[in-house]
Amino acid sequence: MDRRTLLAGTAGTLATAGLPLSARAARRDAEPSGLLHGLSPRPGLPERLPAEDPSRTLLSHGWLFHEGDIVPPAPQTHDETYTNAKAGNARGAAAMDYDDTDWAQVSVPHDWASAQGFVETANVAQGYRPRGIGWYRRTLRLEPEDRGRKLELHFGAIATAATIWINGSVVARNFSGYNAITIDLTPFARFGDELNVIAIRVDATAMEGWWYEGAGLYRHVWLAKRSPVSIATDGVHCDPRLGSDGRWTVPVSVALESIARAPATATIMVDLLDPTGKVVASARGQAQLQPLGGVEVSLSLPVDNPQRWSIERPTLYTVRVTTDAPGGGDERRIAIGFRTIRFDAQAGFFLNEQPVKLKGVCLHQDHAGVGVAVPDALLAWRLQRMKDTGVNAIRCSHNAQADAFYQLCDRMGFVVMDENRIFNPAPENMAQLEWLVRAHRNHPSIILWSVFNEEPMQGTEAGVEMVRRMAARVHALDDSRPVTAAMNGSFYDPQNVSSVVDVMGFNYYQGDYDKFHALNPAKPSTSSEDTSAFMTRGAYATDRAAHVMSSMDTEAAPWGATHRQAWAEMAKRRFIAGGFVWTGFDYHGEPTPFTWPTIASFFGILDLCGFPKTAYDIHRAHWIDDQPVVGIAPHWTWPGKEGQPVELLVTSNAERVRVVLNGRMIGEQAVDRIMGNAFTVPYVPGTLEAVALKGGREVARAVHETAGAAVALRLTPARRQMLGDNEDVVPVTIDAVDAKGRHVPTENRMTRFTIDGATLIGVGNGDPNSHESEKAPERSLFNGLAQMLVQAGEGRGRGTIVATADGLRPARLVIDRVAATPRAQVEVTPPGAFILGWRRSKSFATAPDPGMTPPVNDNNSWDFTRSGTPAAPESGPSFRLYRAVLPERRRVMAQGGTLSFAQVEGRASVYVDGRQVGAKTDPAAGALVVPVPAGAKGVAVLIEAVPGARSGITGAVRLVPKG
Ligand code: GAL
C-alpha cells in the first residue's frame, strides 16, 4: 500500500469524498499528519450498542425543566403541618399537582450549565459557569397491566446533589454527580389515568471536583419493567477466570428478587454465546424466593479455548441469563471477554501474559458544545480519536463514566483504570464504591480499581485505615483486579497508603520512580497521571499576556513535564507499567495556568473539540507501532516571516526523517522517537514536507503548504451518513480554504450556520479563551477551525448545513440520514392536567338545567365518580350532569386552552363556567375537544344516554394549555 500521507491543507481531506468506498478506506489507513488529519470523513455508520437489559426503556423525552430553586411554602396551620408530614404530600415543586405548565420542555442527556454564559465571579475551576439549582418534572403513565411488575427508574448520574420524589414522596437523596441512581418505583406506582409524577431537585452548587462538572440529568434515564421475580439491577456477575489447570470457566452469579405475594420457584438459564451468537456453554439452576425476598444463585460455565479479548482484537462473548418464574421471566445479555491481567513489580503490565505498556490518557467527560451531556455517538467518536492517537489505556479521572463508555472500551479495545470519586469509607461513600465495582466488574476493559486521586491523607494512619477498608470491599466484590491509588507524594512516610494497595500509582513525581522501586522492589508501579503540559491548538509561540501556550511542547506545569519528557521517563523503565497523560482532551474549567478570562484547560493532546494539537503527532510517534507515522509542526503559513528561521519539530516512528522545502532537501536525521527531531529552516512560502524513511525507503510523508488568503468556507463531516435514529451525532469541521482549496490555519473569522433536517446541539472551536456561546448557530474559527455537532432526526432523509462568513464563499454540506429504528422510548405523556374526580347527578328523564350544582355540604345526592367510569344503562330517556373543578394552571388561566375528552358515551354538551363551549351529537362512544377560555374555573357536561346503553365520561380528560 502506498504509505504516502497527505496533509491537511492539501486536498487530502476532501478528495476522498468522491472515491469508491474501498479506495476511501485505503486512503484513510494511510492517513496521517497535519492539522485536520483524522478528521476527514470515515466510511460507515456507528455501531449501535447492544442492550444488556431488555427490561429497560429509555426515558429521554417529555421532561420539564425549571432553572432556579423553588422553595416550598412552609406549612403554617396545624392541618398543613400534619399533612406535610405524610407520605405523598410533598409541597411546592415536588407536589404532584404543582403547576409546571410554563416550564421548558427538555430531553436528556441535559446539562443546563453548558448553555450558561461565562461569569467572572463564578467558580474558576468549574469554568466560570454558574451552575446553581434546577428542577425537573415528568409525568409517567403506567398501564393497568403493569400492576404487579417490578418497576425501576435508573438515572445514569445527576450533577450533582439530587432529591427525587415519586408521587409526592421522597425516594432518594443522592450526593454524588457520578454514580447511577436506581429507584424502586413499585410501591409508589399509580396506573392508568392516574399518572405518576417524578420531581427532581438538582443542586449543582455542590462541587465534587475541581473541573467542569455540568448540571442536571446529564446521562441517560431508563424505566425498567420486570416480572415479579426478576434479576436485580447490576445483579449478574460473570467475569471469566482461567484456572491453574489452564481451563477457562465463567462463574456466573445471579441475584434474584421477588415482589410476588406468594413464595415462588424460579428457573435460571445461563448461556454463553460466542462472537457469532452460537451457544457454546450452558447451565441451569433453580431458586426458591420468599415474597419480597432475594437470593443469589451461582452457576459455572466451562469453556474450551475461547478466543481472547485483547487491545488489538477485542473479542466479546455474551453471557445470556434468562429466568422463568410465575408471572414471567427476565433477561440480561452481558458482554464479557476472556483475558488475563497481571501487574509485575519488575516488568509492568501483562495482558494475556504479553507485556503491554500502558499508553494512557486521563479523561474528564465533557466536550465542546454539550458540556457533560455527551451523546453516545459523540462519546464513541471521542474514543475513536483516542485510538487514532495510539492510546491503549484510559483512566476515568476522577470518577465513574457513563455506561456506554465502558461498553465502548470493551468493544474498541482499551484497558481502563476505573476510579472512585470520594475518598471516604463511611457508609454512604462506601455504597458508591460498591456500586462502581458491582456495576462495572464484568467489563473486560477494566484492569484496575483506583480508590482515590491525590488525597492529603495518603500519608497518614487514618488514610491507611481508610484505604484498607475500601480496598477490602473492592476485593470482596471482585477478586480479579488489583486496587491502586493515585498518590502525589507521601510515599516514603512511615504510614502511607502505598503499603495497602496492590499497585502503586504515581501522579507525577517521576524523579521518585527509581527510589520508590528500590525501596519497594515487590510492589508493582504505574504512573497514574503524568505530563500536565500546556498547548493551545494551532498556536506556536507562547504569549502569557494573551493566555496562549505554544504547541511546540515547551510548556508544562511545575509539577508536570512536557509530553516528550514525561513519556521518556516511563518508556525507559520496564517496572513502570505505563502512564496516563493529563489529559486526552482539553476540558472546560481548571484553566491552569491562567484564570479569567480563560475558561478551559490547555492540557489536552486534542482540544475541546477533538482537534489535534502537536501532542497528537508526538504521541502517535511514541505509541503507534503497526503503521508508519510522521508529523511536522508548525504549519507553513507565516506571511511576513519570510527569511526568518523557523524551528521545526518532526515526529515519527520510522528510522530516519528528511525535511524538504519546495523540493529542496533541508536535512535528514536518525529518528528520535521520543524527543522528536528538530530542524531550523528559514521561512520561504511553499511546500514543506517531512519524509519518514525505513530501510532507505519512504514510508510516510507529512506536508504543509503555504495558504493564500481565505476565499471560501469548507464543511467536513466526520461521516457522510448518519443513523436516522434520533440519537446519532456527527461532528462537522468548519474551516476556510484559499483559492487552491488549501486549509488556512490562521483564519479566525466568524462563521454562521443554518441547518435543515437535523439539529445543531452545540458548537466549539477549541479556544480556551473564547466566551462565545456554545449553543448559538455561529462560531468564530480559531486558528483555522471550528466544530458543530449535528444530531440526526428520525428516519431516512438528509441534513443540509450551510455555513456562511463575511467575505467568503459559503459552504454547503448534505449528510444522508439512513433509515434506522430509534431505540424504544417511554412515551411522552401529553402535556396538561388530568381531571380525574367528577361529581355526577342522578338520572333525569328530561334535560336538567346545566347550571345545577350539588348543594353545599351535600356529599350524598351527587355521586363522586372518576373519569373512565360509565353509568349503567337506563331503559328510558336519561340525562345526567357531570361537574368538575378545573385545576388552576397559569398558562390556561392566562391564555386559555382546551379540554380533551378521550371518550364520551352518549350525546354531550359541555359548559365552562355556565357557557356552552362544545357538543357531541353522535351518541356513539367518541372523543371530544372543546375550547376553554382564559380564567375558566369549572366544567359541566350534560350527557344524554341512549336507552339501554351505558353512558358517561368513559375516557381520560385533560386540560391542555394553548400552544
Ligand atoms: C493533578 C490532578 C488533576 C489535575 C491536574 C492538573 O494533580 O490530579 O485532576 O488537576 O493535576 O495538572
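For ligands, and for the atoms within them, numbers begin at 1 and follow the listed sequence. Predicted, not measured: the structure shown is a model, and the values here were computed from it. Below, each value reflects all heavy atoms present in this structure, side chains not excepted, and no hydrogens, waters or symmetry copies.
Counting only N and O atoms by type, the side chains of Asp493 and Gln458 include no donor and acceptor under 3.5 Å apart. Side-chain contact of Glu772 with Ser780: a donor-acceptor pair under 3.5 Å is present, judged by distance alone. In this structure, a donor-acceptor pair under 3.5 Å is absent between the side chains of His635 and Asn783. For the residue pair Glu208/Thr160, the side-chain donor-acceptor check at 3.5 Å is not satisfied.
Inclusion of Trp210 in the set of residues having an N or O under 3.5 Å from an N or O of ligand 1 is warranted. Considering both main-chain and side-chain atoms, Trp582 never comes within under 3.5 Å of ligand 1 through any nitrogen or oxygen pair.
Within the 4.0 Å heavy-atom cutoff, Thr592 does not count among the residues contacting ligand 1. Under a 4.0 angstrom heavy-atom cut-off, Asn453 registers as being in contact with ligand 1.
The contact set between ligand 1 and Tyr508, taken as ligand atoms under 4.0 Å from a residue heavy atom, comprises 1 (C), 5 (C), 7 (O), 11 (O), 12 (O). Within the listing of ligand 1, atoms 4 (C), 10 (O) sit less than 4.0 angstrom from a heavy atom of Glu590. Contact atoms of ligand 1 toward Trp559: 11 (O), 12 (O) (distance under 4.0 Å to a heavy atom of the residue). Using a 4.0 Å cut-off to heavy atoms of Asn507, the atoms of ligand 1 that qualify are 8 (O). Counting atoms of ligand 1 from 1 in the listed order, those under 4.0 Å from a heavy atom of Phe603 are 6 (C), 12 (O).
Atom 11 (O) of ligand 1 has its nearest heavy-atom neighbour, among His398, Glu529, Arg395, in Glu529.
For Glu428, the CD atom is densely surrounded, since the number of other residues' heavy atoms within 6.0 Å is greater than 12.
Both tests pass for Arg382 against the ring of Phe585: distance under 6.0 Å to the centre and angle within 45° of the axis.
Below 30°, between 30° and 60°, or above 60°: for Trp582 and His364 the angle between ring planes is above 60°, a perpendicular geometry.
For Ser532, every heavy-atom contact with ligand 1 shorter than 4.0 Å involves the side chain, none the backbone.
Atoms CG and CD, on Leu363 and Gln365 in that order, are 10.0 Å from each other to the nearest 0.5 Å.
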